[in-house]
Amino acid sequence: MTQIKAIASDLDGTLFNDEAQLSEKTKQVINDCLKKNILFVPCTARTMSLVDDWLLQHDEIKYIVSSNGAIIYDKQKKKIVSRNTISAENAILLLDKLSLINPYWTIDANDQLYSSQQILDDKEENQFDEDFINHLLKTRTFIREYSTLLSDSNHDVRKIHFITNTPSCKEKTIECLKQFDFIRITSSHELNLEITHPLATKGNAFSTILQHENINPTLAVAFGDNDNDIDLLGSVGLGCAMANSTSGLQKVAHVIIGSNNEDGVACFLQENII
């Protein structure tokens with residue numbers, strides 16, 4: 001295999017197991033890659049504050065791509081080096097239109113998550129899983145009204161997330177979103193939608209990093225599990241889909257590897273890269 005100089009990996013469902021944890025084997029393999037001067041870049045839909053501490057605190061991991069590519073953070077310089085966000089004005093316009101169709105939104109703004117109180121109000125009606133609700137309570141601030149939040153400060157909106165609790169709700173939400181030309185629509189779960197700036201993609205962000213580091217994309221490998229990783233896998237010479245990935249991602253992948261619960265990324269890197 002051609003000498004690989006850079007690695008990009010999604011986190012949830014890819015690098016993390018189903019308990020949202022990094023295994024010791026995965027940590028060791030990442031360290032082995034870094035010792036060989038291979039650039040390792042976590043690329044996640046999570047906002048920066050919810051990225052795993054081990055990754056955030058690792059001195060040799062230079063970049064973090066968060067919010068589906070809206071933000072590239074240079075850990076060594078301790079600053080955001082690229083930002084593609086939705087303006088507060090456009091976010092309000094979108095939410096005003098969508099709230100009548102789907103009131104179950106979350107706003108990723110300035111590294112904080114703000115969710116609609118109606119998610120909690122309607123949790124029994126929608127049969128939202130208790131573990132899911134507990135996760136939301138730990139990671140989000142619940143609000144009833146978004147315009148004050150977005151109007152009273154210089155919030156840049158990195159991502160807007162909608163829970164689409166049925167397939168028909170998802171279809172109606174997508175249809176309504178098609179009227180806006182300032183967004184990109186993707187998904188990381190069969191019943192969710194993630195809205196970003198058109199240039200905010202993991203693939204665009206990783207390509208920006210590769211260009212800055214003077215690394216040819218053909219010498220890079222990427223790993224993912226969901227549809228929001230499609231452009232990431234398409235931006236490199238070798239795109240790897242997890243065994244647990246969506247059919248859409250598997251169609252564009254060069255290779256399908258083990259699952260996230262089998263240390264699929266670590267095993268592939270150990271066997272083929274290092």
>> Salt bridge or not between Lys172 and Glu175? Use side-chain N to carboxylate O under 4.0 Å.
In response: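 No, Lys172 and Glu175 are not salt-bridged.
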
> Out of curiosity, Ile183 CD1 to Ile160 CD1, how far, rounded to the nearest 0.5 Å?
Replying inline: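 That separation rounds to 8.0 Å.
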
>> Test: side-chain hydrogen bond (donor to acceptor under 3.5 Å, both in side chains). Region: residues 234-261. Which pairs qualify, not counting sequence neighbours?
In response: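 Residue pairs passing side-chain hydrogen bond (donor to acceptor under 3.5 Å, both in side chains), neighbours aside: Asp18-Asn260, Asp18-Asn261, Asp227-Thr246, Asn244-Asn260, Ser245-Gln250, Ser259-Glu262.
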
>> Test: side-chain hydrogen bond (donor to acceptor under 3.5 Å, both in side chains). Region: residues 76-85. Which pairs qualify, not counting sequence neighbours?
In response: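 Counting only pairs at least two positions apart or across chains, the side-chain hydrogen bond (donor to acceptor under 3.5 Å, both in side chains) contacts touching residues 76-85 are Arg83-Asp156.
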
Give a yes or no answer on whether the side chain of [X] reaches the backbone of [Y] with a donor-acceptor pair at less than 3.5 Å.
X      : Y      : answer
Asn204 : Ala200 : no
Tyr63  : Leu39  : no
Asn102 : Ile163 : yes
Asn90  : Ile86  : no
Ser99  : Leu95  : yes
Lys75  : Leu56  : yes
Gln211 : Thr208 : no
Asn228 : Thr186 : no
Asn17  : Glu19  : yes
Thr164 : Cys169 : no

What do you reckon, is [atom1] of [X] surrounded by more than 12 foreign heavy atoms closer than 6.0 Å?
X      : atom1 : value
Gln179 : CD    : yes
Asp129 : CG    : yes
Glu213 : CD    : yes

>> Applying a strict under-4.5 Å side-chain criterion to I, L, V, M, F, W and Y, I'd like to know whether Ile274 and Val255 cluster together.
In response: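 Both belong to a single hydrophobic cluster.
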
>> Thr14 and side chain to side chain contact (heavy atoms under 4.5 Å, CB included): which single residue from Val265, Asn226, Thr44, Ile257 fits?
In response: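 Exactly one pass, corresponding to Val265.
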
> Name the one of Ile185, Leu193, Asn192, Ile195 that satisfies side chain to side chain contact (heavy atoms under 4.5 Å, CB included) with Thr173?
Replying inline: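 Going through Ile185, Leu193, Asn192, Ile195 one by one, the side chain to side chain contact (heavy atoms under 4.5 Å, CB included) with Thr173 is satisfied by Leu193 alone.
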
>> Could you work out, with salt bridge (charged side-chain N to carboxylate O under 4.0 Å, His left out) as the rule, every residue matching Lys5, not counting sequence neighbours?
In response: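 Result, salt bridge (charged side-chain N to carboxylate O under 4.0 Å, His left out) vs Lys5: none returned.
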
> Would a 4.5 Å heavy-atom cut-off, applied to side chains only, mark Phe223 and Leu238 as touching?
Replying inline: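 Side-chain contact under 4.5 Å: no.
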
> Is there a salt bridge (charged side-chain N to carboxylate O under 4.0 Å, His left out) between Asp231 and Lys202 once you walk through the steps?
Replying inline: CA-CA 7 Å; Asp231 77 305; Lys202 295 179 184 181; over 6 Å; no

> Among side-chain atoms of Ser188 and Glu194, is any donor-acceptor pair under 3.5 angstrom?
Replying inline: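 Note: Ser188 and Glu194 side chains meet the donor-acceptor criterion.
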
> Do you see a donor-acceptor pair shorter than 3.5 Å between the side chains of Ser151 and Thr148?
Replying inline: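 No, no side-chain donor-acceptor pair sits under 3.5 Å.
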
>> Taking side chain to side chain contact (heavy atoms under 4.5 Å, CB included) as the definition, give me every residue that meets it alongside Thr47, ordered by chain and number, with sequence neighbours left out.
In response: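 With neighbours one apart ignored, the set is Ser49, Leu50, Ser67, Asp108, Asp111, Leu113, Arg158.
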
>> My understanding is that only residues two or more places apart in sequence, or in another chain, count here; which of them pass side chain to side chain contact (heavy atoms under 4.5 Å, CB included) with Ala253?
In response: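 Once residues adjacent in sequence are excluded, the partners of Ala253 under the side chain to side chain contact (heavy atoms under 4.5 Å, CB included) criterion are Leu233, Ala241.
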
> Knowing that exactly one of Lys36, Gln28, Lys35 qualifies, which makes a side chain to side chain donor-acceptor pair (under 3.5 Å) with Asp32?
Replying inline: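 By the side chain to side chain donor-acceptor pair (under 3.5 Å) criterion, Asp32 pairs with just one of Lys36, Gln28, Lys35: Gln28.
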
> Taking the six-membered ring for Trp, are Trp54 and His58 parallel (under 30°), tilted (30 to 60°) or perpendicular (over 60°)?
Replying inline: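 Because their plane-to-plane angle is over 60°, the rings of Trp54 and His58 count as perpendicular.
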
> Listed by chain and number, what are the ring-ring contact (aromatic ring centres under 6.0 Å, His included) partners of Phe206, not counting sequence neighbours?
Replying inline: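 Per chain and number, Phe206 pairs via ring-ring contact (aromatic ring centres under 6.0 Å, His included) with no residue.
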
